[in-house]
Amino acid sequence: MSEKQEMIIRRALELGLRAYPVKTAYIPVENRARIKCEYGCRGYGKRLSCPPHIMDIDEFRKILLEYDNALLLIEEHDMSHEGDILRTWSLLRRGSFHKMLELEYLAFREGFIYAQLLRPGACNECDVCSEQCRKPELRRFPPEAVGINVGKIIEAVGGTLVFCDPPDIKCVGILLIE
């Protein structure tokens, strides 16, 4: 790992994120992961950062081959005191996204000109997407939307992911760096 990557990891820790270096060859991209978007998300088709408005899985696979390194970014929250976990998740992921986006900008400034963040969950910068994105500089898509099996990548770094587990809500992003 390079000094610059170590510096990005240190900054992630300062922001309250855990960062795990991952070789992109080991990022599990599966067609079945995206099915949860189309057949499990009530926001399907409503956000410009999500399917069907983004690249398909095969196109993402080709792009991923152009990267060697990534950082798995995780911010954990204990939300056992919250009654509505879905509403809380929406609020949490926006804050996590902005921390992760800071890391993408930092990586770019440090010479990783193709740094690209995959954000935790669907974009929620605006209440409703218009026909064209009003904040294209913030538009990033979630890992699941391009087929990344987030559970498997977390397991690969020694963690576990349980969905809708209020004591252990994870906001997960992936920063592709090259």
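Residue numbers count from 1 along this sequence. The analysis underlying the following values was restricted to heavy atoms, covering all of them including side chains, and did not include hydrogens, waters or symmetry mates.
Counting heavy atoms from C-beta on, the side chains of Leu106 and Lys4 never come closer than 4.5 Å. Residues Leu17 and Ile74 have side chains not in contact (no heavy-atom distance under 4.5 Å, counting atoms from C-beta outward). With a 4.5 Å cut-off on side-chain heavy atoms, Phe141 and Met55 count as touching. Between Pro142 and Cys50 there is a side-chain heavy-atom pair separated by less than 4.5 Å. In this structure, the side chains of Lys170 and His77 stay at 4.5 Å or more apart for every pair of heavy atoms. Phe112 places a side-chain heavy atom less than 4.5 Å from the side chain of Ile8. With contacts defined as side-chain heavy-atom distances shorter than 4.5 Å, the pair Pro51/Tyr44 qualifies. Looking at heavy atoms from C-beta onward, Ile153 lies in side-chain contact with Ile174 at the 4.5 angstrom threshold.
Using a cut-off of 4.0 Å between Lys/Arg side-chain N and Asp/Glu carboxylate O, Arg140 and Glu104 are scored as salt-bridged. The existence of a salt bridge linking Lys152 and Glu30 is confirmed by a sub-4.0 Å separation between a basic side-chain nitrogen and an acidic carboxylate oxygen. Glu144 and Lys36 are not joined by a salt bridge, as no carboxylate oxygen comes within less than 4.0 angstrom of a charged side-chain nitrogen. A salt bridge does not link Glu59 with Lys62: every distance from a Lys NZ or Arg NE/NH1/NH2 to an Asp or Glu carboxylate oxygen is 4.0 Å or more.
The closest donor-acceptor contact from the side chain of Gln5 to the backbone of Ser2 lies under 3.5 Å. Proximity of a side-chain donor or acceptor of Arg93 to a complementary backbone N or O of Cys171 within less than 3.5 Å is not detected.
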How far apart are the C-alpha atoms of Ile148 and Phe60, what are their side-chain angles, what is the distance that settles it, and do they pass the side-chain contact (heavy atoms from CB on, under 4.5 Å) test?
-> CA-CA 10 Å; Ile148 294 176; Phe60 178 72; 3.9 Å; yes
Do Glu75 and Leu92 pass the side-chain contact (heavy atoms from CB on, under 4.5 Å) test, and can you show the C-alpha distance, the side-chain angles, and the key distance before you say yes or no?
-> CA-CA 9 Å; Glu75 184 173 37; Leu92 292 175; over 6 Å; no
Test side-chain contact (heavy atoms from CB on, under 4.5 Å) on Leu73 and Val172 and set out the steps.
-> CA-CA 6 Å; Leu73 303 170; Val172 179; over 6 Å; no
Stepwise side-chain contact (heavy atoms from CB on, under 4.5 Å) check, Glu66 with Thr24 = CA-CA 9 Å; Glu66 297 178 11; Thr24 57; over 6 Å; no
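No option in Leu65, Leu64, Ile57 other than Ile57 meets the side chain to side chain contact (heavy atoms under 4.5 Å, CB included) test with Arg61.
Under the 4.5 Å side-chain heavy-atom criterion for grouping Ile, Leu, Val, Met, Phe, Trp and Tyr, Leu138 is connected to Leu175 within one hydrophobic cluster. No path of Ile, Leu, Val, Met, Phe, Trp and Tyr side chains, each step under 4.5 Å between heavy atoms, connects Ile54 with Ile35, placing them in separate hydrophobic clusters.
Environment of CD1 in Ile63: crowded, with over 12 heavy atoms of neighbouring residues, nucleotides or ligands closer than 6.0 Å. Environment of CD in Gln132: sparse, with no more than 12 heavy atoms of neighbouring residues, nucleotides or ligands closer than 6.0 Å. In this structure, Tyr26 places its OH atom where only 12 or fewer heavy-atom neighbours from other residues, nucleotides or ligands lie under 6.0 Å away. Atom CD of Glu3 has 12 or fewer heavy atoms from other residues, nucleotides or ligands within 6.0 Å.
With sequence neighbours left out, the side chain to side chain contact (heavy atoms under 4.5 Å, CB included) criterion links Glu178 to Tyr67, Asp68, Asn69.
Residue Gly45 comes nearest to His53 through the heavy atom pair O-NE2, 3.0 Å, listed as atom of the first residue, atom of the second, then distance. Shown here for Arg32 and Asn149, the closest heavy-atom pair between the two residues is NH2-ND2, 3.9 Å. Closest approach of Ile177 and Ala107 over heavy atoms only: CG2-CB, 4.1 Å. Shortest non-hydrogen contact noted between Glu102 and Leu15 is OE1-CD2, 3.8 Å. Annotation for Arg134 and Cys126: closest pair NH2-CB, 3.5 Å, computed over non-hydrogen atoms. Nearest heavy-atom pair across Arg119 and Asn124 is NH2-OD1, 3.5 Å.
Between Arg47 atom CZ and Cys37 atom SG the span is 13.5 Å, to the nearest 0.5 Å.
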